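Single-structure report; data block below.
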Amino acid sequence: MKNKLIPAILIGAGIGALVSLIDKSTRQSVISSGKDVSYYAKHPDEAKNKFQNTSGQPSKFEQLKDEVLFWKDTVEQIRRENPELEQSIMDAKDTFMNKREQKKLK
């Protein structure tokens, strides 16, 4: 075998795992986790239910998505109702960009 890196990493990880099992609390934690994994492997529907959002509240992702959509709609409404404001903002942006470019040239 030409490349010995991957086997060496795997052997090192295995030895590290065995050494860490010397600690009694680590052993108990591993055994407990193993029991949980085997239980959920036999009862996949319960695992699915455990990880679903059952609180009735929207998930953080849904909340973030709703917030982004709200602000997108708000910006679009401002653009439609105030084209002068949009133009002023674009002018200000151009001014800042020009000043930034001038600073870079110095």
Side-chain angles (χ1 to χ4, degrees):
M1 178 183 288
K2 290 183 181 179
N3 189 351
K4 296 180 183 178
L5 178 65
I6 300 299
I9 289 173
L10 294 175
I11 291 170
I15 292 171
L18 291 174
V19 169
S20 69
L21 290 176
I22 292 172
D23 181 45
K24 185 176 182 178
S25 64
T26 303
R27 266 195 323 272
Q28 290 172 341
S29 174
V30 169
I31 291 170
S32 173
S33 297
K35 288 179 183 177
D36 290 344
V37 168
S38 67
Y39 174 79
Y40 286 122
K42 293 176 185 174
H43 303 92
D45 290 336
E46 288 188 35
K48 180 181 171 186
N49 290 336
K50 182 177 181 179
F51 290 108
Q52 283 182 338
N53 187 3
T54 58
S55 66
Q57 297 178 355
S59 68
K60 295 288 184 190
F61 175 76
E62 290 294 324
Q63 290 175 346
L64 180 63
K65 183 180 91 173
D66 291 343
E67 189 75 21
V68 168
L69 290 174
F70 169 78
W71 284 109
K72 178 182 172 271
D73 292 342
T74 302
V75 168
E76 288 299 319
Q77 181 182 3
I78 290 171
R79 284 179 139 175
R80 284 191 307 266
E81 294 177 2
N82 298 315
E84 300 87 20
L85 177 61
E86 181 182 7
Q87 187 59 45
S88 296
I89 291 172
M90 295 303 285
D91 292 343
K93 176 189 161 209
D94 292 341
T95 301
F96 285 125
M97 294 301 283
N98 288 338
K99 288 190 181 221
R100 190 169 102 185
E101 288 299 318
Q102 289 174 356
K103 284 184 180 180
K104 284 183 180 179
L105 294 176
K106 289 182 181 182

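Quick caveat, the model's predicted, so the values are computed rather than measured. The basis for the numbers below is simple: all heavy atoms, side chains too, and nothing from hydrogens, waters or symmetry mates.
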So, taking the atom named CZ in Arg79 and the one named CD in Glu76, what distance separates them when rounded to the nearest 0.5 Å? 5.5 Å
Group every Ile, Leu, Val, Met, Phe, Trp and Tyr by side-chain heavy-atom contacts under 4.5 Å, then state whether Ile9 and Leu18 land in the same group. no
The remaining residues in the hydrophobic cluster of Ile6, counting side-chain heavy-atom contacts under 4.5 Å among Ile, Leu, Val, Met, Phe, Trp and Tyr, are Leu10
Would you please test Gln87 and Asp91 for side-chain hydrogen bond (donor to acceptor under 3.5 Å, both in side chains) and show each step? CA-CA 6 Å; Gln87 187 59 45; Asp91 292 343; 2.9 Å; yes
Connected-component partners of Ile78 among ILVMFWY, side-chain separation under 4.5 Å: Leu85, Ile89
Measure from the side-chain N and O atoms of Asn82 to the backbone N and O of Glu84, and report whether any donor-acceptor pair falls under 3.5 Å. no
What distance do Lys93 atom NZ and Asn98 atom CG have between them, rounded to the nearest 0.5 Å? 10.5 Å
Would you compute the distance between atom CD1 of Ile31 and atom CG of Asp36 and round it to the nearest 0.5 angstrom? 12.0 Å
For Ala17 versus Ser20, what's the shortest heavy-atom pair and its separation? O-OG, 2.7 Å
Candidate pair Glu67 and Gln63, rule side-chain hydrogen bond (donor to acceptor under 3.5 Å, both in side chains), full reasoning: CA-CA 6 Å; Glu67 189 75 21; Gln63 290 175 346; over 6 Å; no
Once rounded to the nearest 0.5 Å, what's the spacing between atom CG of Asp23 and atom CD of Gln28? 9.0 Å
Transitive ILVMFWY cluster of Tyr40 at side-chain heavy atoms under 4.5 Å: who else is in it? Tyr39
Do any N or O atoms from the side chain of Ser33 and from the backbone of Val30 form a donor-acceptor pair under 3.5 angstrom? no
Can you see whether Gln77 engages Asp73 through a side-chain donor-acceptor pair at a distance of less than 3.5 angstrom? no
